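Have a look at the structure below, then the notes.
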Amino acid sequence: ADNGNWVVAPDGQSVLQTINGDPTFFVSDSDQINTTLRGRIRVGADGDDDYVGFVFGFNGPVANGNVMNYWLFDWKQNTQEFGGQTAQEGFAVSRVNGTITDYLPGFWGHNSSAAFNVLATQYGDNLGWVDNVEYDFTILYQESRLKIDIAGGAFGSGTTAFDLAGSFGSGRFGFYNYSQSSVRYSGLTEEDTPPPPPPRRAPRWRKARK
């Protein structure tokens, strides 16, 4: 909690994270699964270029604890070296589950470990967010699928960042920042999106006995 300063707008329709600090989360008060979440994200021109993103299936940490349990999507503006670790421009999805006290190897450098498992990445030039550009995000979060689309700026009317099959758990949804201030999330909506039923098996016909 002390790593961020999340300021909710008077109308309750947006939240602004104002300081540069260690990983910080602003999460819902109820669990989500089999849902589609939509909203907007915009980073002001504060001279920084670090991580923004989202968490899903969030079950920890609580308050100032370091016992983590969630899935993480994070987005870096530019490639940057710090503390012997390199943060790459672009996107990543990770499973965070365990006690973490040193944030640099996983959260900054995206090195997998027992508690921080990088599931997928998409790095490269022109994949970072841009100052003062408002992006629309659409997140499909189901028990067996995570799909993240981003629209706006260089991503035009919509680009799929990830479409992953897996086993995802129920938990809270939230916003995420690491070493990045002046980030506003707004217009969040939620829609129940149950997975499609499994296909019906065709009947097996047998020849009648005489």
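Here the structure is a predicted model, which means the values were calculated and not measured.
A distance of 6.0 Å or more separates the ring centres of Tyr176 and Phe26. Aromatic rings of Phe168 and Trp71 (six-membered ring for Trp) have centroids within the 6.0 Å cut-off, being under it. Taking the six-membered ring for Trp and the full ring otherwise, the centers of Phe107 and Phe116 sit less than 6.0 Å from each other. For Phe137 and Phe54, the ring centers are positioned less than 6.0 Å apart.
A heavy-atom distance below 4.5 Å is found between the side chains of Gln122 and Leu127. Phe56 places a side-chain heavy atom less than 4.5 Å from the side chain of Leu146. When side chains are defined from C-beta on, Asn97 does not count as touching Tyr70, because their heavy atoms never get closer than 4.5 Å. For the pair Thr159/Asp149, no side-chain contact is recorded, criterion being any heavy-atom separation below 4.5 Å from C-beta on. At a threshold of 4.5 Å between non-hydrogen side-chain atoms, the residues Tyr135 and Trp129 count as touching. Taking the side chain as every heavy atom from C-beta outward, Tyr123 and Thr79 never approach each other to under 4.5 Å. When side chains are defined from C-beta on, Arg145 does not count as touching Leu164, because their heavy atoms never get closer than 4.5 Å. Under the 4.5 Å side-chain criterion, counting only non-hydrogen atoms from C-beta, Ile41 is not in contact with Arg184.
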Intermediate values then yes/no, side chain to side chain donor-acceptor pair (under 3.5 Å), Ser186 and Ser14: CA-CA 4 Å; Ser186 62; Ser14 67; 5.9 Å; no
Test side-chain contact (heavy atoms from CB on, under 4.5 Å) applied to Gln80 and Asp49, step by step: CA-CA 9 Å; Gln80 180 182 0; Asp49 59 358; 3.1 Å; yes
Test side-chain contact (heavy atoms from CB on, under 4.5 Å) applied to Glu134 and Val43, step by step: CA-CA 8 Å; Glu134 188 166 70; Val43 186; over 6 Å; no
From CA spacing to verdict: ring-ring contact (aromatic ring centres under 6.0 Å, His included), Phe73, Phe91: CA-CA 7 Å; Phe73 166 83; Phe91 314 107; 5.7 Å; yes
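Among all heavy-atom pairs drawn from Ser112 and Val118, the shortest one is OG-N, 3.0 Å. Asp131 and Asp48 make their closest contact through OD1-O, 4.4 Å (heavy atoms, listed as atom of the first residue, atom of the second, distance). Between Asn59 and Ser170 the shortest heavy-atom distance is ND2-O, 3.3 Å.
No more than 12 heavy-atom neighbours from other residues, nucleotides or ligands sit within 6.0 angstrom of CG on Asn126.
The residues Arg38 and Glu191 are annotated as salt-bridged, a charged nitrogen and a carboxylate oxygen being separated by less than 4.0 angstrom. A salt bridge does not link Glu89 to Lys76: none of the charged side-chain nitrogens sits closer than 4.0 Å to a carboxylate oxygen. Between Arg172 and Asp29 there is no salt bridge, since no side-chain nitrogen of the basic residue lies less than 4.0 Å from a carboxylate oxygen of the acidic one.
Using a 4.5 Å cut-off between side-chain heavy atoms of Ile, Leu, Val, Met, Phe, Trp and Tyr, with links allowed through other members, Val55 and Met68 fall into the same hydrophobic cluster. Val183 and Tyr178 are not part of a single hydrophobic cluster, where members link through side-chain heavy atoms under 4.5 Å apart. Residues Phe25 and Leu188 do not share a hydrophobic cluster, clusters being chains of Ile/Leu/Val/Met/Phe/Trp/Tyr side chains in contact below 4.5 Å. Val15 and Val7 fall into different hydrophobic clusters, where Ile, Leu, Val, Met, Phe, Trp and Tyr residues are linked whenever their side-chain heavy atoms come under 4.5 Å apart, directly or through other members. Transitive grouping of hydrophobic side chains (ILVMFWY, heavy atoms separated by less than 4.5 Å) keeps Val67 and Leu72 in distinct clusters.
Under the 3.5 Å distance criterion, with hydrogens and angles disregarded, a donor-acceptor pair is assigned to the side chains of Thr18 and Asn5. Looking at Asn20 and Ser179, their side chains do bring a donor and an acceptor atom within 3.5 Å of each other. Residues Asp50 and Gln77 have side chains that never bring a donor and an acceptor to within less than 3.5 angstrom of each other. For Gln180 and Asp46, the side-chain atoms include at least one donor-acceptor pair closer than 3.5 Å. If you check the side chains of Asn34 and Gln142, you find no donor sitting under 3.5 Å from an acceptor. Looking only at atom types and distance, the side chain of Thr99 has no donor-acceptor partner in the side chain of Asn66 under 3.5 Å away.
For the atom pair CG (Leu140) and CG (Leu37), the distance works out to 9.0 Å, reported to the nearest 0.5 Å. With rounding to the nearest 0.5 Å, the separation of NE2 in His110 from CG in Asp74 is 3.5 Å. Here the CD1-CZ distance, from Ile150 to Phe162, works out to 8.5 Å after rounding to the nearest 0.5 Å. We find the OG1-CG distance between Thr24 and Asn3 to be 6.0 Å, quoted to the nearest 0.5 Å. For the atom pair CZ (Phe175) and OG (Ser28), the distance works out to 9.0 Å, reported to the nearest 0.5 Å. Put simply, CD1 on Ile33 and CD on Glu143 are 5.5 Å apart, with the number rounded to the nearest 0.5 Å.
Each of Phe82, Trp75, Trp108 was compared with Tyr51 under the ring pair (Phe, Tyr, Trp, His ring centres under 6.0 Å) criterion, and only Trp108 meets it.
One N or O on the side chain of Gln17 and one on the backbone of Ile19 form a donor-acceptor pair closer than 3.5 Å.
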